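Have a look at the structure below, then the notes.
In this text, all values refer to a predicted model and were calculated from it rather than measured experimentally. Naming convention: chains lettered A, B, ... in sequence-line order (proteins, then strands); numbering from 1 in each chain.
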Protein chains: 2
Amino acid sequence: MAKLYEKCIKVGLRMTLPRKIILEVIEDSADHPDVDELYRRAVEKDRSISIATVYRTTKLFEEAGIIERLDIGDGRARYEEAGEHHEHLIDIETGEIIEFQNEELEEMKRQVAKKMGYELVDHRLELFGKKIKS
Amino acid sequence: MAKLYEKCIKVGLRMTLPRKIILEVIEDSADHPDVDELYRRAVEKDRSISIATVYRTTKLFEEAGIIERLDIGDGRARYEEAGEHHEHLIDIETGEIIEFQNEELEEMKRQVAKKMGYELVDHRLELFGKKIKS
DNA sequence: CTAAATGCAAAACCTTTGCCTCAAA
DNA sequence: TTTGAGGCAAAGGTTTTGCATTTAG
């Protein structure tokens, strides 16, 4: 089931071969690849894809709400499939990115924004932690 | 009172003229200037300062815990005086950055990390909101 | 067939670095 | 006086863009 593909069609995107491939790569990625990594994975499926297209396409998909950009503070954009909102915990020793969800936290954010007179449109939370040894 | 200056001395930093000026600029800034802006403000006090020094010095101050880096996702580092931890709400219509604090939220973050077996070392939260018209 | 997308290479940004000179302690 | 800091310009890394060519609809 090409879930993301349907979504692209629905919002009226022209589905070229490079776009299909990049979409496929993202859909098949369980991690949070940066553009260079997406490019490497895409090139394996079609040698002719250029990195400029990966940049243009990720930007396009992001603006269309198909994928989401993640910034862990290392100067490169990372991407993941858009879905239910979740947060990221970054293991500062290994760089591993762990996803989690917490509705209570979400609600509190909405409340805090509201209290300041704002409607929460987007929000990002990154926790940086060290594994507790037991 | 040169609060930050004392802090620098305490951690053993050599206080050169450029460092004093950059520190002063940050201390006098109520906003969240990026490096280029800090550079512009510093140059007004001493024409000979170079942008390389601003980069080197902000990095130094950050590592020493004198100032804090803020990343609002626009590809440039912004800085502010280090102090009690606070979060940022970004007005998506004006770009204005509003600071806020919420101990309940802090505690919840610690709890969430702990539940996943991590000790919270650092954390970043940015809320993006639209002003509610009344 | 036509407007939009791609590839390529160059440019634009932000940030870091090498090297020689200068200054703080 | 000595070691670290600063200025300058060049280099690095990521992302964007101009332009000629190709392709989806």
Side-chain angles (χ1 to χ4, degrees), chain A residues 2 5-26 32-64 66-79 95, chain B residues 2 5-6 8-26 32-64 66-79:
Chain A
Y5 184 86
E6 302 301 337
K7 218 169 162 181
C8 288
I9 297 297
K10 200 164 293 175
V11 299
L13 294 185
R14 242 200 217 197
M15 291 315 279
T16 65
L17 184 57
R19 289 184 181 175
K20 282 182 199 159
I21 289 177
I22 293 166
L23 201 61
E24 216 178 282
V25 166
I26 293 172
H32 302 78
D34 59 30
V35 172
D36 212 61
E37 183 58 34
L38 287 177
Y39 171 61
R40 275 190 292 267
R41 295 181 192 176
V43 159
E44 280 180 29
K45 303 196 176 205
D46 179 344
R47 177 126 343 158
S48 74
I49 285 181
S50 84
I51 191 143
T53 296
V54 181
Y55 273 106
R56 280 192 277 240
T57 304
T58 47
K59 187 181 212 179
L60 179 83
F61 285 168
E62 193 204 344
E63 284 165 355
I66 312 288
I67 64 177
E68 276 169 16
R69 180 203 300 262
L70 165 66
D71 172 13
I72 65 165
D74 65 350
R76 294 168 278 179
R78 289 161 185 283
Y79 291 94
Chain B
Y5 185 85
E6 303 301 337
C8 287
I9 298 298
K10 201 163 293 173
V11 298
L13 294 185
R14 238 198 221 198
M15 290 316 279
T16 65
L17 183 58
R19 289 185 182 176
K20 282 182 198 159
I21 289 177
I22 293 167
L23 202 60
E24 216 179 281
V25 166
I26 293 173
H32 303 77
D34 59 30
V35 172
D36 213 61
E37 183 59 33
L38 287 177
Y39 171 62
R40 275 190 293 267
R41 295 181 192 176
V43 160
E44 280 181 29
K45 305 197 177 206
D46 179 345
R47 179 130 338 160
S48 75
I49 285 180
S50 85
I51 191 145
T53 297
V54 181
Y55 273 106
R56 280 193 276 239
T57 304
T58 47
K59 189 181 211 178
L60 179 82
F61 286 167
E62 194 205 343
E63 284 165 355
I66 312 288
I67 65 176
E68 276 170 16
R69 180 202 300 261
L70 165 66
D71 171 13
I72 65 165
D74 65 351
R76 293 167 279 179
R78 290 162 183 281
Y79 291 94

Using a cutoff of under 3.5 Å, can you pull out all pairs of nitrogen or oxygen atoms linking the protein to nucleotides 11-13 of chain C, with atom names and distances?
none

What nitrogen or oxygen pairs link the protein and nucleotides 17-19 of chain C at under 3.5 Å?
| residue | atom | partner | partner atom | Å |
| --- | --- | --- | --- | --- |
| C/dG18 | O6 | B/R56 | NH1 | 3.3 |

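Two residues are said to be in side-chain contact when any heavy atoms from C-beta on lie closer than 4.5 Å; B/T57 and B/P18 fail this criterion. A heavy-atom distance below 4.5 Å is not found between the side chains of A/R76 and A/V35.
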> Can you give one letter per nucleotide of nucleotides 20-25 of chain C, 5' to 3': B if a protein heavy atom sits under 4.0 Å from the base, S if only from the sugar-phosphate, - if neither?
Replying inline: ----BS

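B/K20 and B/M15 get closest at one heavy-atom pair: CE-O, 3.5 Å. Contact between B/C8 and B/L23 at its shortest, heavy atoms only, is SG-CD2, 3.8 Å. Nearest heavy-atom pair across A/S50 and A/Y39 is C-CE1, 3.7 Å. Considering every non-hydrogen atom in both A/A64 and A/L13, the closest pair reads CB-CD1, 4.5 Å. A/L38 approaches A/P33 most closely through the heavy-atom pair CD2-CG, 3.5 Å.
Computed from coordinates, the A/D34 CG to D/dG13 P distance equals 14 Å when rounded to whole Å. Atoms OH (A/Y39) and C1' (D/dT15) sit 15 Å apart, rounded to a whole Å. Going from atom CD1 of A/I51 over to atom C1' of D/dT17 covers 15 Å, rounded to whole Å. Straight-line distance from the CD1 atom of B/I22 to the P atom of D/dG6: 7 Å, rounded to whole Å. Counting to the nearest Å, the P atom of D/dT14 and the CG atom of A/L38 are 14 Å from each other. Atom-to-atom, OH of A/Y79 to P of D/dT15 comes out at 7 Å; the value is rounded to the nearest Å. Whole-Å rounding puts the A/I21 CD1 to D/dT23 P distance at 13 Å. For A/L60 and C/dA4, the CG to C1' distance is 11 Å, given to the nearest whole Å.
When each of C/dA5, C/dT15, D/dG7 is scored by its nearest atom to the side-chain atoms of B/V35, the top-ranked nucleotide is C/dT15.
Between A/E44 and A/R41, none of the side-chain N atoms (NZ, or NE/NH1/NH2) sits under 4.0 Å from a carboxylate O, so this pair counts as no salt bridge. The pair B/K59-B/E62 does not count as a salt bridge, with every side-chain nitrogen at least 4.0 angstrom from each carboxylate oxygen.
Although no hydrogens or angles enter the test, the distance criterion places no donor-acceptor pair under 3.5 Å between the side chain of A/R78 and the main chain of A/L70. Between the side chain of A/R19 and the backbone N or O of A/R14 there is at least one donor-acceptor pair closer than 3.5 Å. Between the side chain of B/T58 and the backbone N or O of B/V54 there is at least one donor-acceptor pair closer than 3.5 Å.
Note on B/T53: a side-chain N or O is less than 4.0 Å away from OP1 or OP2 of D/dG7. When the side-chain nitrogen and oxygen atoms of B/S48 are compared with OP1 and OP2 of D/dG6, none of them lie within a distance under 4.0 Å.
Contacts of B/I49 with the nucleic acid, taken as non-hydrogen atoms under 4.0 Å apart, involve only primed sugar atoms and P, OP1 or OP2.
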